[in-house]
Amino acid sequence: MVEKKEIYMSCFDTMRTLHIYTPKGYEKGRKKYPVFYMYDGHNLFSNEDATYGKSWGLKDYLDQTDTQLIVVGIECNHEGNKRLEEFSPYDFEDAYIGHIEGRGAMLMDWVVEELKPWIDKHYRTKKTRLHTGIAGSSMGGLMALYTILRHNSTFSMAGCFSSFLYPVMEDIKQDLKECKLAESRVFISWGSDEFRSKTALSYGTQRNLYITNALIQKDVTVFPFQHVKGKHNEASWEQELPYAIPFLLQK
């Protein structure tokens, strides 16, 4: 089942919609479940809610595989460049839209300090870090990577799908250098058709493998996945679910 709930987001002084998935049998049972927090919640479950009319099909996948998981999808701010600001932990310059002041660190403080305690209070969750994951695509993939590095005491799993990396790579390298990580699992994907040329694909692959190797050096279990013919869209990320979800939930 997927339900929508409005919640006050104190970090931005606004209301925001959550898209919350609970597995089959949740309503009648007493079992507790691991939780994934995911960005762009409106794009996860329903084509009707999805920005471009195509969702990840995440509800169908979880139902069909009987995956025992709660997913908390956090909807983005759809106004102007607010999504870029809220879903980036770093400031950066973009050739087309100019300067972006990253506010992602504020968002993740709110997730850790307010949203997770609220979910743990109102849903039957397994509260420990070993049962708590974060995931997203594009800017959400960047946020998932940032979160596993900077909030590792809360999250042990991260799904970084087609992460936005290019202009913030030096910030990521610094966080990779400074972070201390406990037992963690990270899925990192990038599609071969996301890039405009073979040269761009080579650089994109290099960035993702740099992150992969740096995480491995920190004793993190990593699944780097280059999606052949994969594009930067929900249809491609849907195809990656059978690789990412079982890997991240494996204990």
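All values below come from the heavy atoms of this structure, side chains included, with hydrogens, waters and symmetry mates left out.
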*Asks:* Donor-acceptor check, side chain of Ser46 to backbone of Glu48, threshold 3.5 angstrom: yes or no?
*Replies:*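 Pair found, side chain donor or acceptor close to backbone of Glu48.
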*Asks:* Return yes if some donor-acceptor pair links the side-chain N/O of Asp91 with the main-chain N/O of Glu101 below 3.5 Å, else return no.
*Replies:*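 Flag not set: sc Asp91 to bb Glu101 has no pair under 3.5 Å.
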*Asks:* Look up atom NE2 in His232 and atom CZ in Phe164, then write down how far apart they are to the nearest 0.5 Å.
*Replies:* 9.0 Å
*Asks:* Are the side chain of Ser88 and the backbone N or O of Leu84 linked by a donor-acceptor pair below 3.5 Å?
*Replies:* no
*Asks:* Can any side-chain N or O of Glu178 pair as donor or acceptor with the backbone N or O of Asp175 at less than 3.5 Å?
*Replies:* no
*Asks:* Between the side chain of Asn208 and the main-chain N/O of Gly204, is any donor-acceptor distance below 3.5 Å?
*Replies:*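 Such a contact is found between Asn208 side chain and Gly204 backbone.
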*Asks:* We want to know whether His151 and Thr154 form a side-chain donor-acceptor pair, criterion being a heavy-atom distance below 3.5 angstrom.
*Replies:* no
*Asks:* May I ask you to check whether over 12 heavy atoms, not counting those of Tyr243, lie within 6.0 Å of atom OH?
*Replies:*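 Atom OH in Tyr243 is not crowded, with 12 or fewer foreign heavy atoms closer than 6.0 Å.
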*Asks:* Do Lys31 and Tyr26 form a cation-pi contact, if we require the NZ or CZ to be under 6.0 Å from the six-membered ring centre and within 45 degrees of the ring's axis?
*Replies:* no
*Asks:* Does the ring center of His227 lie less than 6.0 Å from the ring center of Trp237?
*Replies:* no
*Asks:* Rounded at 0.5 Å granularity, tell me how far CD in Glu75 sits from CE in Met9.
*Replies:*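 Result: 10.0 Å between the selected atoms.
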*Asks:* Donor-acceptor check, side chain of Ser202 to backbone of Lys198, threshold 3.5 angstrom: yes or no?
*Replies:*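 No.
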*Asks:* Between the side chains of Ser197 and Thr199, is a donor N or O closer than 3.5 angstrom to an acceptor N or O?
*Replies:* no
*Asks:* Could you tell me whether the side chain of Lys59 reaches within less than 4.5 Å of the side chain of Leu44, counting heavy atoms only?
*Replies:*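 No, too far: nothing below the 4.5 Å cut-off.
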*Asks:* Please determine whether residues Trp118 and Met106 belong to a single hydrophobic cluster, defined as Ile, Leu, Val, Met, Phe, Trp and Tyr linked transitively by side-chain heavy-atom distances below 4.5 Å.
*Replies:* yes
*Asks:* Quick check on Lys82: does its NZ atom have over 12 non-hydrogen neighbours (other residues, nucleotides or ligands) under 6.0 Å away?
*Replies:*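 Counting other residues, nucleotides and ligands, NZ of Lys82 stays at 12 neighbours or fewer.
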*Asks:* For Asp120 and Thr125, indicate whether the former's side chain and the latter's backbone hold a donor-acceptor pair under 3.5 Å.
*Replies:* no
*Asks:* Is there a path of hydrophobic side-chain contacts, each under 4.5 Å between heavy atoms, that joins Ile188 and Ile216?
*Replies:*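 Looking at the clustering, Ile216 is in the same group as Ile188.
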*Asks:* In this structure, are over 12 heavy atoms from other groups packed under 6.0 Å from Lys218 atom NZ?
*Replies:* yes
*Asks:* Are Phe247 and Val228 grouped together when hydrophobic residues (ILVMFWY) are joined by side-chain heavy atoms under 4.5 angstrom apart?
*Replies:*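 No, because Phe247 and Val228 fall into different hydrophobic clusters, even though each may have its own neighbours under 4.5 Å.
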*Asks:* I need the Arg16 CZ to Ile7 CD1 distance, nearest 0.5 Å.
*Replies:*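 Arg16 CZ to Ile7 CD1: 11.0 Å, rounded to 0.5 Å.
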*Asks:* Is it true that the side chains of Tyr8 and Asp13 contain a donor and an acceptor less than 3.5 Å apart?
*Replies:* yes
*Asks:* Within the supplied structure, the quantity of interest is the number of heavy atoms (other residues, nucleotides, ligands) at a distance under 6.0 Å from Tyr203 OH; does it exceed 12?
*Replies:*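 No, OH of Tyr203 has 12 or fewer neighbouring heavy atoms, counting only those of other groups under 6.0 Å.
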*Asks:* With no hydrogens and no angle check, do the side chains of Ser55 and Asn43 hold a donor and an acceptor under 3.5 Å apart?
*Replies:* no
*Asks:* Ignoring hydrogens and geometry, is there a side-chain-to-backbone donor-acceptor pair from Ser236 to Lys231 under 3.5 Å?
*Replies:* yes
*Asks:* Quick check: Phe36 with Phe155 (ring centres under 6.0 Å apart)?
*Replies:* no
*Asks:* Within 45° of the axis and under 6.0 Å from the centre of the six-membered ring of Tyr33, does NZ or CZ of Arg124 qualify?
*Replies:* no
*Asks:* Could you tell me how the ring of His19 sits relative to the ring of His42: parallel (under 30°), tilted (30 to 60°) or perpendicular (over 60°)?
*Replies:*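 Tilted, since the angle between the ring planes falls between 30° and 60°.
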*Asks:* Parallel under 30°, tilted from 30 to 60°, perpendicular over 60°: which one fits the rings of Phe225 and Phe223?
*Replies:* perpendicular
*Asks:* Within the distance-only criterion (no hydrogens, no angle test), does the side chain of Gln64 pair as donor or acceptor with the backbone N or O of Leu62 below 3.5 angstrom?
*Replies:*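 Here the side-chain-to-backbone pair does not exist.
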*Asks:* In Å and rounded to the nearest 0.5 Å, what is the CD1 to CG distance from Ile119 to Leu18?
*Replies:* 6.0 Å
*Asks:* Identify the heavy atoms of Met157 and His131 that sit nearest to each other, and give their distance.
*Replies:* CE-C, 3.7 Å
*Asks:* Are Thr205 and Gln226 linked by a side-chain donor-acceptor pair shorter than 3.5 Å?
*Replies:* yes
*Asks:* Is there a continuous path of hydrophobic side-chain contacts, each under 4.5 Å between heavy atoms, that joins Tyr166 to Ile97?
*Replies:*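 No: no chain of side-chain contacts under 4.5 Å links Tyr166 to Ile97.
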*Asks:* Say whether Arg129 and Ser184, considering side chains only, have a donor N or O and an acceptor N or O under 3.5 Å apart.
*Replies:*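 There is such a pair (donor and acceptor under 3.5 Å, judged by atom type) between the side chains of Arg129 and Ser184.
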*Asks:* Run the side-chain contact (heavy atoms from CB on, under 4.5 Å) test on Leu107 and Phe12 for me, step by step, so that the C-alpha distance in whole Å, both residues' side-chain angles and the decisive distance to 0.1 Å come before the verdict.
*Replies:* CA-CA 8 Å; Leu107 174 59; Phe12 303 133; 4.2 Å; yes
*Asks:* If you count heavy atoms of other groups shown closer than 6.0 angstrom to NZ of Lys4, is the number above 12?
*Replies:* no
*Asks:* Set out, in order, the CA-CA distance, both residues' side-chain angles and the distance that settles salt bridge (Lys or Arg N to Asp or Glu O under 4.0 Å) for Lys24 and Asp63, then state yes or no.
*Replies:* CA-CA 7 Å; Lys24 292 184 292 185; Asp63 283 348; 5.6 Å; no
*Asks:* Rounded to the nearest 0.5 Å, how far does CG of Leu115 lie from OG of Ser10?
*Replies:* 10.5 Å
*Asks:* Classify the ring geometry of Phe161 against Trp56: parallel below 30°, tilted from 30° to 60°, perpendicular beyond 60°.
*Replies:*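 Correct class here is perpendicular.
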